[in-house]
Amino acid sequence: MHMMNEYIRLIKTLLLSYENQDNAVIMKKYMRDQFAFIGMKAPQRKELVRKLIKLNGIPSEDEFPSVIAELWQAPEREYQYLALELLDRKMKHFEEKDMEWLENLIVNKSWWDTVDWIASKHIGSYFMQYPGNKNDITRRWIDSNDIWLKRTAILFQLKYKTRTDEKLLYAYINQCLGSTEFFINKAIGWALREYSKTNPQSVIDFVEQTPLTKLSKTEALKVIKKKQKQL
């Protein structure tokens, strides 16, 4: 436990050296006042992570979940971003049981900035490694009342390209039809737009046959329309 506290302490020390009140105010406003910020920009965050790993490596397998949990509890949003940077470095080596705490990150301190990062990278990577768990877990998410779990079920295949489970994607979108939730309808459009880069005709057909919201439809066809204009 002592080591973990050292790791967190080192992060705090490094992080405070990047404090910038002017940035913090702008960032807080951009995030609709959901979170406090230290005021650190993304390039500085990457620099900090490099320093951190150079000084102290990546937390060990045993420590990892508790380090992430502690970063998740800190009030300033940058701590959550740093947790996700560390996760980026672990995501090719998830253990099957890691889903328990990964899901926790989706439903705590939820907003699009962390959820989209977790969904497209970490959850996407996890199900590539444990495809047998994909249907049961994501079905539970799409059936839940948590908009962020639903959004994750729609978005986790964002980077799958030709490996996209089209049937699953379309089934989950169909299940959310009629939703008035912005974050769900935007996710539907985004997932379809991304998939349209791999299978444009399938997306065109799906959009034509499905009563999507205007937002979802516009987002879904953006890449296709742009290509049509170039022809």
Side-chain angles (χ1 to χ4, degrees), residues 31-32 80-81 84 87-88 91-92 94 99 102-230:
M31 283 295 161
R32 306 239 186 113
Q80 283 90 68
Y81 296 159
L84 297 182
L87 264 180
D88 281 357
M91 68 183 182
K92 289 191 170 66
F94 281 135
M99 181 49 80
L102 281 171
E103 187 174 319
N104 231 349
L105 302 181
I106 299 168
V107 296
N108 286 296
K109 300 211 171 166
S110 318
W111 198 240
W112 61 264
D113 54 339
T114 54
V115 171
D116 294 358
W117 189 339
I118 296 164
S120 63
K121 284 187 165 184
H122 310 137
I123 301 298
S125 183
Y126 178 91
F127 288 132
M128 281 280 185
Q129 291 166 69
Y130 303 102
N133 298 349
K134 179 181 71 178
N135 287 15
D136 286 351
I137 293 173
T138 58
R139 194 168 291 129
R140 179 167 55 75
W141 289 351
I142 205 79
D143 288 341
S144 78
N145 291 321
D146 188 294
I147 65 161
W148 302 108
L149 287 175
K150 281 184 189 287
R151 185 166 162 108
T152 302
I154 295 165
L155 293 179
F156 80 91
Q157 301 191 81
L158 270 185
K159 297 183 191 302
Y160 278 26
K161 298 181 176 162
T162 54
R163 292 202 269 184
T164 301
D165 183 336
E166 181 186 282
K167 218 172 124 205
L168 194 73
L169 174 65
Y170 291 170
Y172 288 173
I173 291 172
N174 277 317
Q175 201 172 320
C176 293
L177 293 177
S179 171
T180 54
E181 173 52 61
F182 170 81
F183 286 113
I184 297 299
N185 290 324
K186 185 87 171 175
I188 289 171
W190 185 15
L192 289 171
R193 183 175 80 230
E194 212 44 47
Y195 186 47
S196 80
K197 295 172 187 175
T198 298
N199 197 339
Q201 194 53 52
S202 174
V203 171
I204 290 168
D205 294 345
F206 180 76
V207 169
E208 277 175 6
Q209 292 153 16
T210 314
L212 298 168
T213 61
K214 189 166 179 256
L215 172 66
S216 299
K217 195 172 172 176
T218 306
E219 288 289 325
L221 298 175
K222 259 184 188 165
V223 172
I224 289 167
K225 290 217 157 124
K226 201 175 168 186
K227 282 195 173 140
Q228 285 169 345
K229 269 187 189 155
Q230 287 164 353

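No experiment lies behind these values; they were computed from the predicted model shown. Just the heavy atoms: all of them, side chains too, but no hydrogens, waters or symmetry mates, feed the values below. We number each residue from 1, following the sequence as shown.
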Sub-4.5 Å side-chain heavy-atom contact between [X] and [Y]:
X	Y	result
R140	D136	no
T213	K217	no
V115	F183	no
N135	R139	yes
I123	M99	yes
W111	R32	yes
M128	R163	yes
L149	I142	no

Rounded distance [0.5 Å steps], [atom1] in [X] versus [atom2] in [Y]:
X	Y	atom1	atom2	answer
S196	I204	OG	CD1	8.0 Å
L102	I137	CG	CD1	9.5 Å
W112	R151	CH2	CZ	9.0 Å
I118	L105	CD1	CG	5.0 Å
D113	L84	CG	CG	8.5 Å
E219	L192	CD	CG	10.5 Å

Pair K134, D165 - check side chain to side chain contact (heavy atoms under 4.5 Å, CB included), show working. CA-CA 10 Å; K134 179 181 71 178; D165 183 336; 3.3 Å; yes
Check D116 with K121, please: is the shortest side-chain N to carboxylate O separation under 4.0 Å?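 Looking at D116 together with K121, the answer is no, because their closest N to O distance does not fall below 4.0 Å.
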Pairs where residues 188-213 contributes a residue and the test ring-ring contact (aromatic ring centres under 6.0 Å, His included) is met, not counting sequence neighbours: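 Checked against ring-ring contact (aromatic ring centres under 6.0 Å, His included) - neighbours excluded - the pairs reaching residues 188-213 are Y170-F206.
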If you take all heavy atoms of [X] and [Y], which pair is closest and at what distance?
X	Y	value
Y160	T164	CB-OG1, 3.6 Å
V203	A220	CG1-O, 4.3 Å
C176	I184	CB-CG2, 3.8 Å
T114	Q80	CG2-CB, 4.2 Å
K161	T198	CA-OG1, 3.4 Å
A119	T152	CB-CG2, 3.7 Å

Is there a side chain to side chain contact (heavy atoms under 4.5 Å, CB included) between L212 and I173 once you walk through the steps? CA-CA 9 Å; L212 298 168; I173 291 172; 3.9 Å; yes
Given 3.5 Å as the limit, does a donor-acceptor pair link the side chain of Q129 with the main chain of M91, or not?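 Looks like yes, one N/O pair under 3.5 Å.
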Any donor-acceptor pair under 3.5 Å linking the side chain of S216 with the backbone of N185? yes
Derivation and outcome, side chain to side chain contact (heavy atoms under 4.5 Å, CB included), residues N104 and V107: CA-CA 5 Å; N104 231 349; V107 296; 4.1 Å; yes
Give the ring-plane orientation class for F94 versus H122, where under 30° counts as parallel, over 60° as perpendicular and anything between as tilted.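 Ring orientation, 0 to 90° scale: perpendicular.
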Parallel, tilted or perpendicular: which one describes the rings of F127 and F156, with boundaries at 30° and 60°?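 Perpendicular.
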Is a donor from one side chain sitting under 3.5 angstrom from an acceptor on the other, for D205 and Q209?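 Distance-only check fails for D205 and Q209.
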Output, in order, the C-alpha distance, side-chain angles, deciding distance and verdict of ring pair (Phe, Tyr, Trp, His ring centres under 6.0 Å) for Y172 and W141. CA-CA 10 Å; Y172 288 173; W141 289 351; 9.5 Å; no
